[in-house]
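Structure, as structure tokens:
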Protein chains: 2
Amino acid sequence: MLVTIKDIAKAAGVSHTTVSRALRGHPAISTETTRHIQQLAEQMGYVPSAVAQSLNSRQTFTIGMVVTTIADPFVPLVAEGIEKVAQEAGYSVFLMTSYNDPEREMTVVETLQRRRVDAIIVTASRVGSLYGEQLERIQVPIVLINNQENGEFLHSIAVDDVQGAKLATEHLLALGHRRIGYVGLLTRPKSNAHRLLGYQAALQKADIPQDPNLIFLPPPDDDFRCGELALSLHLKHQATAILCYNDITAIGLLNTCQQNQIAVPQALSIIGFDDIEAAQYVSPPLTTFRQPRLQMGELAMQMILDLLNKKSVEDQLLPGELIIRGSTVQIYPEQ
Amino acid sequence: MLVTIKDIAKAAGVSHTTVSRALRGHPAISTETTRHIQQLAEQMGYVPSAVAQSLNSRQTFTIGMVVTTIADPFVPLVAEGIEKVAQEAGYSVFLMTSYNDPEREMTVVETLQRRRVDAIIVTASRVGSLYGEQLERIQVPIVLINNQENGEFLHSIAVDDVQGAKLATEHLLALGHRRIGYVGLLTRPKSNAHRLLGYQAALQKADIPQDPNLIFLPPPDDDFRCGELALSLHLKHQATAILCYNDITAIGLLNTCQQNQIAVPQALSIIGFDDIEAAQYVSPPLTTFRQPRLQMGELAMQMILDLLNKKSVEDQLLPGELIIRGSTVQIYPEQ
DNA sequence: TGCCGTAAAACACACGTGTGCATAAATGAT
DNA sequence: ATCATTTATGCACACGTGTGTTTTACGGCA
């Protein structure tokens, strides 16, 4: 059995109250008693029960981190940022996966409530949008990271999708491309709309007429597979460059190009979004718009801490950064 | 404030005891009262407090998952397996990262103890080996996944490193390679030793004399960087194939080859270990030994459940599978 | 009518920790 | 020497839930 403050009290010949106070350095306890009790606690290997403390204080120092799946390449670095800041502030993190499965989403919300988490961070999941009412009933600070459709009462951190797609498109324009395609994903309605918007804004600013054939929205499928299908933008519609919704899509496209003997970037420039780890390893290495994932996690947890301290917080729209690698190149004049 | 069973009791005009029993379907409570109370609980939005239940039952239905970093490409899929099985069994998972930093490792162990987790799973971290005594004192089932140096009192799940390296080497031998190099990592002493063993066993079985120059153990560094350095095995020591400690190392090597105009696999075959996601995206796609990561996570959590149910369990040494892709090829006779 | 058995619900306590208040002892002031 | 004040500690209760035991009420039976 584990050592409790009552055990220490018995050993020291005092009441458990005194032990409790001595251990937290309460001024009303004499220096000598305090020292003695602390020493005794050390000897007996006492470790306070967070469970009992939580029950008493109505704070668990626990947060729920909801993700669609931790295996999504976007998620781990965000999780790392969250966990790091949380741990430093004395909070522990519950990992909960929803798989975009309604049943599991229900389970997750119910579990968060049962566990009495102090706050919730939802990353790239539908939970934030679909279960808004349930989440709100928990009466706990909630921060959403890159969520689709955010409710107005929730706090959020997101990367500036519009700006990102705009920068990426402008990069391609600067390289001389005029027929630039966009591959979107309907499974991420909000950020897809924003990235499309950025793409269109860049074209418009450069006075390039928009060709609807160059916007490709494949039916919902594997991200990678969507990239493979996007090759038609090049084959059928003469795109010389393609902006992909994310890196997985871009890598899928890259892959098909290799199988079809289409030289990247010589024949086709490809640009991704996110800058996942794999982006730098493929060949050619992928030009992409980097999302500051670690920072997003850190900021989200910091925002939670501020909310718990009743500080006022503001939603953040982070800038991101275009990383130029080998998959984009100046268009050949003869084309 | 949240609804408690006392609130329900007041509303129903009974004692909280009756409510508690009614909610869990105790036979001593009349069917009518039970129905009435359950209905009331539903209406009032009652969600039981796991904290209070834990204090009372001395079970938290919580496990600690310790990883070096969740950003390690090996980890997320293992974590997914753990979380999935845990959630189905009513357990929640604390994510704790140690970063191989002694101070944080101490914090993690202490936190696990404070939180009164029912069990612990340690993945690819030193925590399992270095803090054996502290962990043991927690008096809780512990399962280690692919750990370095396992203590004898802990349970473990690991992939068969010897067999994996042997299969990989035999694959290269079958392709006609005779000068096969091995790049190891000193930061993972145990699995490195095992993989080296498998490599040597395959050579011996094929009656190939061993050349110490073909075994390269770079000084501790970034896994990727170690791969880059391993190019010397080819340039200085005429290796026609190189077995790398893991995929990151293999990709590092692959990268250098491309920068130095060395054709892979024509001039040099490369083989990795793990089969991380990126392995299939690089070009040429990487031949590698796949670790069943999802399954490892699931098995680990299942083992925990068995241990908690006092079933006897056995340490597992899983087989893995050689995935042949494009980075290995029949050696050219003229070489 | 009195006894007993049974059903239904309440009482009392436990889990481990923390806090307001009362109490006891020690100190100082008059 | 007495009272006020400070110092140090203990008591009682709270947090929300669960369980062994007791109480209450009711009906059946002798």
Side-chain angles (χ1 to χ4, degrees), chain A residues 1-38 40-41 44-62 90 110-111 113-118 138-139, chain B residues 1-38 40-41 44-62 90 110-111 113-118 138-139:
Chain A
M1 271 299 123
L2 280 168
V3 180
T4 74
I5 54 170
K6 287 187 187 169
D7 298 325
I8 300 176
K10 204 172 295 175
V14 297
S15 72
H16 80 274
T17 309
T18 303
V19 175
S20 172
R21 294 209 168 105
L23 290 177
R24 16 186 57 238
H26 194 287
I29 307 298
S30 73
T31 331
E32 199 189 350
T33 324
T34 299
R35 217 164 36 77
H36 179 219
I37 288 178
Q38 282 178 350
L40 217 49
M44 300 172 69
Y46 170 73
V47 178
S49 161
V51 175
Q53 288 176 327
S54 296
L55 179 59
N56 194 36
S57 67
R58 266 144 301 182
Q59 274 189 67
T60 56
F61 286 95
T62 272
E110 197 261 346
T111 303
Q113 213 166 347
R114 271 202 4 258
R115 299 267 176 213
R116 301 291 194 260
V117 296
D118 289 340
I138 306 187
Q139 298 281 18
Chain B
M1 272 299 125
L2 280 168
V3 180
T4 74
I5 54 170
K6 287 186 188 169
D7 299 326
I8 301 176
K10 204 172 292 173
V14 297
S15 74
H16 79 276
T17 311
T18 302
V19 175
S20 172
R21 295 214 164 102
L23 290 177
R24 19 186 54 237
H26 194 289
I29 306 299
S30 73
T31 330
E32 200 190 350
T33 321
T34 299
R35 217 165 37 75
H36 179 219
I37 288 178
Q38 281 177 350
L40 217 49
M44 299 172 71
Y46 170 72
V47 178
S49 161
V51 176
Q53 289 175 327
S54 296
L55 179 60
N56 194 35
S57 66
R58 268 142 300 179
Q59 273 190 70
T60 56
F61 287 94
T62 274
E110 196 261 347
T111 303
Q113 214 165 346
R114 271 203 3 259
R115 299 267 176 213
R116 300 292 192 261
V117 296
D118 289 341
I138 306 187
Q139 298 281 17

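Keep in mind it's a predicted model, so treat the numbers as computed, not measured. We name chains A, B, ... by the order of the sequence lines, and we start the count at 1 in each one.
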Partner residues of B:R114 under the salt bridge (charged side-chain N to carboxylate O under 4.0 Å, His left out) criterion, sequence neighbours left out: B:E110
Set of salt bridge (charged side-chain N to carboxylate O under 4.0 Å, His left out) partners for B:R35, sequence neighbours left out: none
So which atom in [X] and which in [Y] form the shortest heavy-atom distance, rounded to 0.1 Å?
X: B:T60; Y: B:R115; result: CG2-O, 3.8 Å
X: B:Y46; Y: B:I5; result: OH-CG2, 3.4 Å
X: A:P48; Y: B:R116; result: O-NH1, 3.6 Å
X: B:A41; Y: B:L23; result: CB-CD2, 3.8 Å

Do side-chain atoms of [X] reach the backbone of [Y] as a donor and acceptor pair under 3.5 angstrom?
X: B:Q59; Y: B:D118; result: no
X: A:D7; Y: A:T4; result: yes
X: A:R58; Y: A:L55; result: no
X: B:S54; Y: B:A50; result: yes

Using the closest heavy atom to pick a nucleotide of DNA chain C for each, name whichever of B:S57 or B:V14 lands nearer the 5' end. B:V14
With DNA chain C as reference, determine whether B:R116 or B:S15 sits nearer its 5' end, using the nearest nucleotide of each. B:S15
Starting at atom CZ of A:R35, determine the distance to atom C1' of D:dA8, rounded to an integer number of angstrom. 17 Å
Tell me which residues in residues 48-56 of chain A put a heavy atom below 4.0 Å from DNA chain D, sorted by number, or none. A:L55, A:N56
If you take any heavy atom closer than 4.0 Å to DNA chain D, which residues from residues 17-34 of chain A end up in contact? A:T17, A:T18, A:R21, A:A28, A:I29, A:S30, A:T33
Look up atom OG1 in B:T33 and atom NE2 in B:H36, then write down how far apart they are to the nearest 0.5 Å. 9.0 Å
Value for CD1 (A:I8) from CD (A:Q38), rounded to nearest 0.5 Å, stands at 10.0 Å
Would you say the base of D:dG18 and the side-chain of B:H16 have a donor-acceptor pair closer than 3.5 Å? yes
Range on DNA chain C touched by chain A - first to last nucleotide, heavy-atom distance under 4.0 Å: C:dG16 to C:dC21
Between A:T34 and A:H26, is there a side-chain heavy-atom distance shorter than 4.5 Å? no
Angle separating the five-pair end axes of the helix from C:dT1-D:dA30 to C:dT30-D:dA1, nearest 10°, is 80°
